[in-house]
Amino acid sequence: MTTVVLFHSAYGLRPAVLAAAGRFRQAGHAVVTPDLYYGGIAETLDDGFTLAEWIGWPTIAERARAVLRGLPDDTVLGGFSMGASIAGGLLAERPECAGVLFLHGTGAVPENVRPGLPMQLHVADPDAYAPPDKVAGWMRDAAVAKAEAFRYPGVGHLFTDEDLPDYDERAAELVWRRCVDFLAGL
(Lines give C-alpha, C1' and ligand atoms only; values in the text may rest on other atoms or scores of the structure.)
Protein backbone atom coordinates (compact mmCIF):
# COMPACT_ATOMS: atom_id res chain seq x y z
CA MET A 1 0.00 0.00 0.00
CA THR A 2 1.15 3.49 -0.79
CA THR A 3 -0.21 6.97 -0.18
CA VAL A 4 -1.32 8.91 -3.25
CA VAL A 5 -2.27 12.57 -3.60
CA LEU A 6 -4.42 13.50 -6.60
CA PHE A 7 -4.58 17.18 -7.54
CA HIS A 8 -7.65 18.22 -9.51
CA SER A 9 -7.85 19.93 -12.89
CA ALA A 10 -8.78 23.56 -13.53
CA TYR A 11 -12.41 22.47 -13.20
CA GLY A 12 -11.98 21.93 -9.47
CA LEU A 13 -12.54 18.87 -7.29
CA ARG A 14 -15.09 17.03 -9.44
CA PRO A 15 -16.62 13.57 -9.08
CA ALA A 16 -14.12 12.19 -11.63
CA VAL A 17 -11.21 12.85 -9.27
CA LEU A 18 -13.09 11.27 -6.38
CA ALA A 19 -13.94 8.25 -8.56
CA ALA A 20 -10.26 7.80 -9.47
CA ALA A 21 -9.38 8.01 -5.78
CA GLY A 22 -12.01 5.34 -5.09
CA ARG A 23 -10.44 3.01 -7.65
CA PHE A 24 -7.03 3.44 -6.05
CA ARG A 25 -8.49 2.90 -2.56
CA GLN A 26 -10.14 -0.32 -3.74
CA ALA A 27 -6.66 -1.42 -4.84
CA GLY A 28 -5.46 -0.89 -1.26
CA HIS A 29 -3.93 2.59 -1.36
CA ALA A 30 -4.53 5.60 0.86
CA VAL A 31 -5.61 8.52 -1.34
CA VAL A 32 -5.89 12.23 -0.59
CA THR A 33 -7.86 14.53 -2.92
CA PRO A 34 -7.25 18.11 -1.81
CA ASP A 35 -9.68 20.82 -2.84
CA LEU A 36 -7.32 23.57 -3.95
CA TYR A 37 -10.25 25.84 -4.85
CA TYR A 38 -11.95 25.44 -1.45
CA GLY A 39 -15.29 24.48 -2.97
CA GLY A 40 -15.07 26.30 -6.28
CA ILE A 41 -16.19 24.28 -9.31
CA ALA A 42 -16.03 25.51 -12.90
CA GLU A 43 -18.56 24.66 -15.59
CA THR A 44 -16.08 25.07 -18.45
CA LEU A 45 -12.32 24.85 -18.82
CA ASP A 46 -12.13 28.59 -19.53
CA ASP A 47 -14.09 29.25 -16.32
CA GLY A 48 -11.63 26.98 -14.51
CA PHE A 49 -8.66 28.96 -15.75
CA THR A 50 -10.41 32.18 -14.68
CA LEU A 51 -11.08 30.70 -11.24
CA ALA A 52 -7.46 29.57 -10.89
CA GLU A 53 -6.22 33.02 -11.88
CA TRP A 54 -8.62 34.66 -9.42
CA ILE A 55 -7.38 32.44 -6.58
CA GLY A 56 -3.79 32.90 -7.78
CA TRP A 57 -1.13 30.32 -8.60
CA PRO A 58 0.93 31.11 -5.47
CA THR A 59 -2.13 30.42 -3.28
CA ILE A 60 -2.96 27.20 -5.13
CA ALA A 61 0.65 26.01 -4.82
CA GLU A 62 0.76 26.85 -1.11
CA ARG A 63 -2.49 24.96 -0.52
CA ALA A 64 -0.96 21.94 -2.26
CA ARG A 65 2.23 22.22 -0.19
CA ALA A 66 0.17 22.44 3.01
CA VAL A 67 -1.56 19.14 2.17
CA LEU A 68 1.77 17.44 1.46
CA ARG A 69 3.25 18.54 4.81
CA GLY A 70 0.98 16.05 6.54
CA LEU A 71 1.73 13.14 4.20
CA PRO A 72 4.62 10.64 4.12
CA ASP A 73 7.71 11.68 2.15
CA ASP A 74 7.17 8.80 -0.29
CA THR A 75 3.63 9.88 -1.22
CA VAL A 76 2.90 9.37 -4.92
CA LEU A 77 2.24 12.71 -6.64
CA GLY A 78 -0.61 12.67 -9.13
CA GLY A 79 -2.73 15.17 -10.93
CA PHE A 80 -5.28 15.80 -13.64
CA SER A 81 -4.35 18.41 -16.29
CA MET A 82 -3.62 21.53 -14.20
CA GLY A 83 -3.13 19.14 -11.28
CA ALA A 84 -0.36 17.42 -13.23
CA SER A 85 1.37 20.80 -13.43
CA ILE A 86 0.99 21.17 -9.67
CA ALA A 87 2.39 17.67 -9.07
CA GLY A 88 5.30 18.38 -11.41
CA GLY A 89 5.97 21.71 -9.75
CA LEU A 90 6.15 20.05 -6.34
CA LEU A 91 8.30 17.14 -7.49
CA ALA A 92 11.53 19.10 -6.96
CA GLU A 93 10.48 19.60 -3.32
CA ARG A 94 9.55 15.93 -2.82
CA PRO A 95 12.59 13.92 -4.02
CA GLU A 96 11.55 10.92 -1.90
CA CYS A 97 8.17 10.44 -3.58
CA ALA A 98 7.55 6.85 -4.67
CA GLY A 99 6.19 7.77 -8.10
CA VAL A 100 4.36 10.30 -10.23
CA LEU A 101 1.13 10.03 -12.24
CA PHE A 102 0.52 12.77 -14.81
CA LEU A 103 -3.03 12.50 -16.15
CA HIS A 104 -4.09 14.75 -19.04
CA GLY A 105 -1.06 17.02 -18.71
CA THR A 106 2.68 16.78 -18.95
CA GLY A 107 3.70 18.46 -15.70
CA ALA A 108 7.28 19.62 -15.27
CA VAL A 109 10.15 17.25 -14.66
CA PRO A 110 12.76 19.01 -12.53
CA GLU A 111 16.49 18.77 -13.21
CA ASN A 112 16.96 16.99 -9.88
CA VAL A 113 14.50 14.19 -10.71
CA ARG A 114 15.64 11.03 -8.96
CA PRO A 115 17.19 8.46 -11.31
CA GLY A 116 14.81 5.53 -11.68
CA LEU A 117 11.79 7.40 -10.28
CA PRO A 118 8.67 5.63 -11.63
CA MET A 119 6.57 8.07 -13.68
CA GLN A 120 3.59 7.68 -15.99
CA LEU A 121 2.06 10.16 -18.40
CA HIS A 122 -1.44 9.62 -19.83
CA VAL A 123 -2.62 12.10 -22.50
CA ALA A 124 -5.00 12.30 -25.43
CA ASP A 125 -3.69 12.13 -28.98
CA PRO A 126 -4.07 14.74 -30.27
CA ASP A 127 -4.23 17.05 -27.27
CA ALA A 128 -3.73 20.81 -27.54
CA TYR A 129 -2.29 20.82 -24.01
CA ALA A 130 0.09 17.92 -24.69
CA PRO A 131 1.16 18.06 -28.36
CA PRO A 132 3.70 15.50 -29.59
CA ASP A 133 6.66 17.88 -29.23
CA LYS A 134 5.74 18.61 -25.61
CA VAL A 135 5.41 14.89 -24.84
CA ALA A 136 8.79 14.27 -26.53
CA GLY A 137 10.30 17.04 -24.39
CA TRP A 138 8.76 15.50 -21.29
CA MET A 139 10.33 12.14 -22.21
CA ARG A 140 13.74 13.81 -22.68
CA ASP A 141 13.43 15.60 -19.33
CA ALA A 142 12.39 12.34 -17.66
CA ALA A 143 15.16 10.27 -19.29
CA VAL A 144 16.89 9.46 -15.97
CA ALA A 145 13.58 8.46 -14.42
CA LYS A 146 11.69 5.26 -15.19
CA ALA A 147 9.16 7.11 -17.33
CA GLU A 148 6.37 5.81 -19.53
CA ALA A 149 4.18 7.94 -21.79
CA PHE A 150 0.82 6.67 -23.00
CA ARG A 151 -1.13 8.47 -25.72
CA TYR A 152 -4.78 7.69 -26.36
CA PRO A 153 -5.80 8.31 -29.99
CA GLY A 154 -9.06 9.99 -30.90
CA VAL A 155 -10.15 11.07 -27.41
CA GLY A 156 -10.62 14.52 -25.88
CA HIS A 157 -8.40 16.22 -23.31
CA LEU A 158 -10.12 15.07 -20.08
CA PHE A 159 -11.31 11.72 -21.43
CA THR A 160 -11.44 10.02 -18.00
CA ASP A 161 -14.10 12.43 -16.68
CA GLU A 162 -17.51 10.77 -17.14
CA ASP A 163 -19.31 14.10 -16.77
CA LEU A 164 -17.54 15.84 -19.65
CA PRO A 165 -18.06 15.51 -23.41
CA ASP A 166 -14.45 14.27 -23.77
CA TYR A 167 -15.22 11.07 -21.86
CA ASP A 168 -14.18 7.82 -23.54
CA GLU A 169 -15.02 4.71 -21.52
CA ARG A 170 -12.59 2.35 -23.27
CA ALA A 171 -9.63 4.71 -22.99
CA ALA A 172 -10.51 5.65 -19.41
CA GLU A 173 -10.63 2.01 -18.31
CA LEU A 174 -7.21 1.44 -19.89
CA VAL A 175 -5.82 4.44 -17.98
CA TRP A 176 -7.18 3.16 -14.67
CA ARG A 177 -5.86 -0.36 -15.28
CA ARG A 178 -2.41 1.02 -16.11
CA CYS A 179 -2.44 3.33 -13.07
CA VAL A 180 -3.51 0.57 -10.67
CA ASP A 181 -0.75 -1.69 -12.07
CA PHE A 182 1.73 1.19 -11.73
CA LEU A 183 0.82 1.72 -8.08
CA ALA A 184 0.97 -2.01 -7.37
CA GLY A 185 4.55 -2.07 -8.65
CA LEU A 186 5.82 0.62 -6.29
Side-chain angles (χ1 to χ4, degrees), residues 1-25 27-42 45-123 129-130 134 137-138 141-142 144-147 149 157-158 160-161 179 182-183 186:
M1 179 188 86
T2 190
T3 301
V4 180
V5 62
L6 288 176
F7 296 111
H8 60 72
S9 73
Y11 280 96
L13 186 58
R14 296 171 45 82
V17 178
L18 301 175
R23 287 175 182 269
F24 298 162
R25 285 184 187 110
H29 305 286
V31 185
V32 177
T33 55
D35 184 352
L36 303 177
Y37 288 177
Y38 288 6
I41 298 287
L45 198 51
D46 286 340
D47 290 346
F49 290 137
T50 299
L51 180 56
E53 288 175 21
W54 180 78
I55 294 169
W57 293 111
T59 300
I60 291 170
E62 184 47 43
R63 289 174 180 175
R65 281 186 189 95
V67 169
L68 290 175
R69 283 187 203 111
L71 298 177
D73 290 343
D74 64 349
T75 294
V76 173
L77 301 174
F80 292 79
S81 192
M82 178 193 83
S85 295
I86 293 166
L90 295 172
L91 181 55
E93 301 170 23
R94 303 285 292 198
E96 301 300 319
C97 76
V100 184
L101 286 170
F102 292 124
L103 303 160
H104 312 291
T106 52
V109 178
E111 288 183 17
N112 71 336
V113 67
R114 187 175 79 242
L117 175 66
M119 300 172 72
Q120 277 191 351
L121 170 67
H122 300 270
V123 293
Y129 299 101
K134 194 169 185 180
W138 183 88
D141 292 346
V144 301
K146 184 180 172 189
H157 176 62
L158 284 167
T160 61
D161 190 325
C179 288
F182 173 83
L183 293 172
L186 298 179

Quick one: closest heavy-atom pair of [X] and [Y], and the distance?
X: A108; Y: F102; answer: O-CZ, 3.9 Å
X: K134; Y: T106; answer: CE-OG1, 3.2 Å
X: L71; Y: V32; answer: CD2-CG2, 3.8 Å
X: L91; Y: P110; answer: CD2-CD, 3.5 Å
X: L77; Y: R94; answer: CD1-CB, 4.2 Å
X: A64; Y: F7; answer: CB-CE2, 3.6 Å

Spatial distance of atom CD1 (I86) from atom CG (L6) [nearest 0.5 Å]: 12.0 Å
Euclidean distance, I60 CD1 relative to L51 CG, rounded to 0.5 Å: 7.0 Å
Between [Y] and [X], is there a side-chain heavy-atom distance shorter than 4.5 Å?
X: M82; Y: W57; answer: yes
X: W138; Y: M119; answer: yes
X: T160; Y: L103; answer: no
X: V109; Y: V100; answer: no
X: F24; Y: V76; answer: no

Residues in side-chain contact (heavy atoms from CB on, under 4.5 Å) contact with T59, at least two apart in sequence or another chain: I55, R63
Heavy-atom donor-acceptor pair, H29 side chain to T2 backbone, under 3.5 Å: yes
Short side-chain to backbone donor-acceptor contact, H8 and D35, under 3.5 Å: no
Pairs meeting criterion ring pair (Phe, Tyr, Trp, His ring centres under 6.0 Å) with involvement of residues 72-98, two or more places apart: none
Inter- and intrachain pairs under side-chain hydrogen bond (donor to acceptor under 3.5 Å, both in side chains), touching residues 10-24, at least two apart: R14-D161, R23-E173
Partner set under side-chain hydrogen bond (donor to acceptor under 3.5 Å, both in side chains) for R114, not counting sequence neighbours: none
Partner residues of H157 under the side-chain hydrogen bond (donor to acceptor under 3.5 Å, both in side chains) criterion, sequence neighbours left out: S81, D127
Pairs involving residues 65-91, ordered by first then second residue, that meet salt bridge (charged side-chain N to carboxylate O under 4.0 Å, His left out) (sequence neighbours left out): E62-R69, R65-E93
